[in-house]
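Throughout, a chain's letter reflects where its sequence line sits, starting with A, and its residues are numbered from 1.
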Amino acid sequence: MSNFEKNENAHLTTPTRLTGSEIIWATLVGEGVTTVFGYPGGAILPAYDALRKFPIRHILVRHEQGASHMADGYARAGGKVGVAIATSGPGATNLVTGIATAMLDSIPMVCITGQVSSKVLGTDAFQEVDITGITLPVTKHNFLVTRSEDIAPAIRLAFQIAKSGRPGPVLVDITKDAQQNAAIFDFAAAKPKPYQPHPMLSVVNSHLTDAAELIRNAKRPVILAGHGILQSNAGEQIRTLAERMQIPVGMTLLGLGGFPASHPLNLGMMGMHGESWLNNAIQEADLLIACGMRFDDRVIGTPKTYSPNSKKIHIDIDPAEINKNIKADVALIGDLREVLEQLLPLLPGRDGSAWLNTIEASKGHAAVRDIKNLPDNGHLYAAHVMHDLWRITEGRAIIATDVGQHQMWEAQYYRHEYPNTLITSGGLGTMGFALPAGIGAKFACPDKEVWVIAGDGGFQMTAAELATIAQEKLNVNIAIINNGYLGMVRQWQEFFYERNYESTPLVSPDFVKLADAHGIPGLAVRDRGELEAAVQTARSHNGAFLLNFLVEKEDSVYPMIPAGAALHEMIRRPGHNPLVERPEDK
Amino acid sequence: MLHTFVAYVEDKPGVLTRVASLFRRLNINIISLTVGHSERPGISRMTIVADANDEAGNRIRASLYKLENVIDVDDIGRAPAVTRELALIKVAATAATRSNIFELAEVFRARIVDLAPDSLMIEITGVESKIEGLIQVLNETENRVLEVCRSGKMTMRRGHHSSGVLRAMGAGEPDPPKPGNQPLETTDNFADNI
């Protein structure tokens, strides 16, 4: 048969004749994979049959979309390439949403799908679908493997592509006969050619000195920190830049946690639902230092009115993002950490107190978002949930959110202190992301406290994965922000469609009963007074726990920048006292 | 604005689809795309003409490089280059009207490659304007254009090699990298004739 049963790693050092199925797992082991998320089926059955011989843990999901989001959450929390496995046809197509989610947020992921036998490819065979064709626009690259000897090189190259440059998902489609036939497996020989960085990377000295000069002379600079600071592990460099040059830092949604929320120079999140003082500061700035962010439309309002009087330094690893939405005055195209290491020696200290004081003063004049100022008239608001959760967990938990109002409130009120603790779908905004992504994160970080926060709408999209939690006996806490609506859509209908709540009121199951049906305990919470006790109950329970927070039905996320408006044209929360934000009493 | 790119890509199944899919995703219209073997074994050469804003050239080039099978991308821009296209044109012609067309072909330096009782076929190579010129003239006289088959543009830099060729020859980059990696530009506009 083969050597690996005697010596686990023999197959990695000695070329051995293995079946294609065995080669799949052997290559994954060689690439350092310990956990995969998947769902078997006919075309991937030979591979599943070989799995028991290998030291890889397979998590059976309830829908392949769950597998793709689990691999995604696993990668975001743990920093490794996430792996999802599915069969051909419907199994593969069910992965597509998760693959697109990973593509838009640049998450390293490898999806392996079974495919019908190469002899019947192209004949509309049973469960045949052209998944490589379908995923062309949503993968960095994909492979169709029809021969056993091509499996290991394809998977090894897939891992390299997924991790390198700007990370992203890669799909490897392997026909059934390739899995069944045998070939010599030589892990070392299957190594791809060395990675060639993008030819248009460019960090030239003249640009570095131009950037340094702009920074030294700026009167009103702001650092814009995005996902790149987490992926490049550049938190320390950003901190040095901010502290030495006394420049405030604003974050994108995916950058949260990259710079500690408690740091005095941290201004919070920018953009459509970002902090008003930060959005105003950006509009008044004379220099923007964009670090690992791509000027997404949620962050800039409209290009024509964005930060009109500032110069922009754009640091990003993807040359295609430079000058895509916003014109850069200086572009430093490379790895953020490396670029900052080259830039910092050119920057002596600087006194930024004048600008910092201006921003600080505007915080006071702008409506204060401090939760303590919201009158607690017995109503339970999502903001209370987020704030109390943050306080009780000391900002240390890993939070996986779904998409919608709760996602924005989480970003505003859970002040992330550490990197890789916010797991959220930013680019694609995929509802149903939270539960499986939280599960994936827990597998990546089994010793950390993990909370899944989802709205009543998004939770129902992938609720079936509660069974995965039950089967795997996972300790993940679930908080449902239940307002009986598709909240964010309802908010848009309220502001822009004259309160025409078309298809947004939502009748949901009793989530506590639903959890109970899976053997997961739970509690419903209706009153702010019950909040703390409920959260502590969930935390102290040794196992998964679900909290159904019945919150205020028609609350809205503020501030909000309407489509087409400039960053400073925010809709603010209405209230009696314009200096203090308060919810409308019902 | 029309951008012209010369891309060296791996000669593998599906590469054409990947390139086409990329342009679809960027929502940029491909005006023409021709591909064939290059001077290097296993590498094909594509000439892509795309319609996009003036500033899009850099983004297209950067995005093409992100494709795994793309080896080199040259944005011809306004650099001196030879551009050619091939067309086969079938025209209705009887014995009486034939000689008329022979004279036109003479003027356009085109060749008659097929002769039938009711039609003849013209083969013409040249720049786009020359081919369009012949078709326009054929349409204006009593000649009836029955079929037109055009190959799409091919282009190659004059004298000065593309960066990919030089790199392959081990001779390094043709020019030092410019800020922002703008395509090489020149104010000379060699007339796109002969």
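- Other residues, nucleotides and ligands place more than 12 heavy atoms under 6.0 Å from the CD atom of B:Glu10.
- Other residues, nucleotides and ligands place no more than 12 heavy atoms under 6.0 Å from the CG atom of A:Asp124.
- A heavy-atom distance below 4.5 Å is found between the side chains of A:His141 and B:Arg18.
- Partner of B:Lys66 under the side-chain contact (heavy atoms from CB on, under 4.5 Å) criterion, out of A:Met200, A:Arg166, A:Lys140: A:Arg166 alone.
- The environment of B:Met156 atom CE is sparse: at most 12 non-hydrogen atoms of other residues, nucleotides or ligands sit within 6.0 angstrom.
- Contact of A:Asn142 with chain B is made through backbone and side chain together, with heavy-atom distances under 4.5 Å.
- Comparing A:Ile322, A:Thr132, A:Ile161 by how many heavy-atom pairs each has under 4.5 Å with chain B, the most go to A:Ile161.
- For A:Arg216, the CZ atom counts as densely surrounded, since its 6.0 Å shell holds more than 12 non-hydrogen atoms of other residues, nucleotides or ligands.
- Of the two parts of B:Ser21, only the side chain, counted from C-beta on, holds a non-hydrogen atom closer than 4.5 Å to a non-hydrogen atom of chain A.
- Put simply, the side chain of A:His198 never gets that close to the backbone of B:Tyr65: no donor and acceptor are under 3.5 Å apart.
- Here the closest non-hydrogen pair linking A:Leu157 and B:Glu68 is CD1-OE2, 3.9 Å.
- The local environment of NZ in A:Lys311 is sparse, with at most 12 non-hydrogen atoms from other residues, nucleotides or ligands closer than 6.0 Å.
- No more than 12 heavy atoms of other residues, nucleotides or ligands lie within 6.0 Å of CE in B:Met154, so this atom counts as exposed by the packing criterion.
- To the nearest 0.5 Å, atoms CG (B:Asn58) and NZ (A:Lys324) are separated by 14.0 Å.
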Derivation and outcome, side-chain contact (heavy atoms from CB on, under 4.5 Å), residues B:Arg59 and A:Asn323: CA-CA 8 Å; B:Arg59 183 173 179 221; A:Asn323 294 333; over 6 Å; no

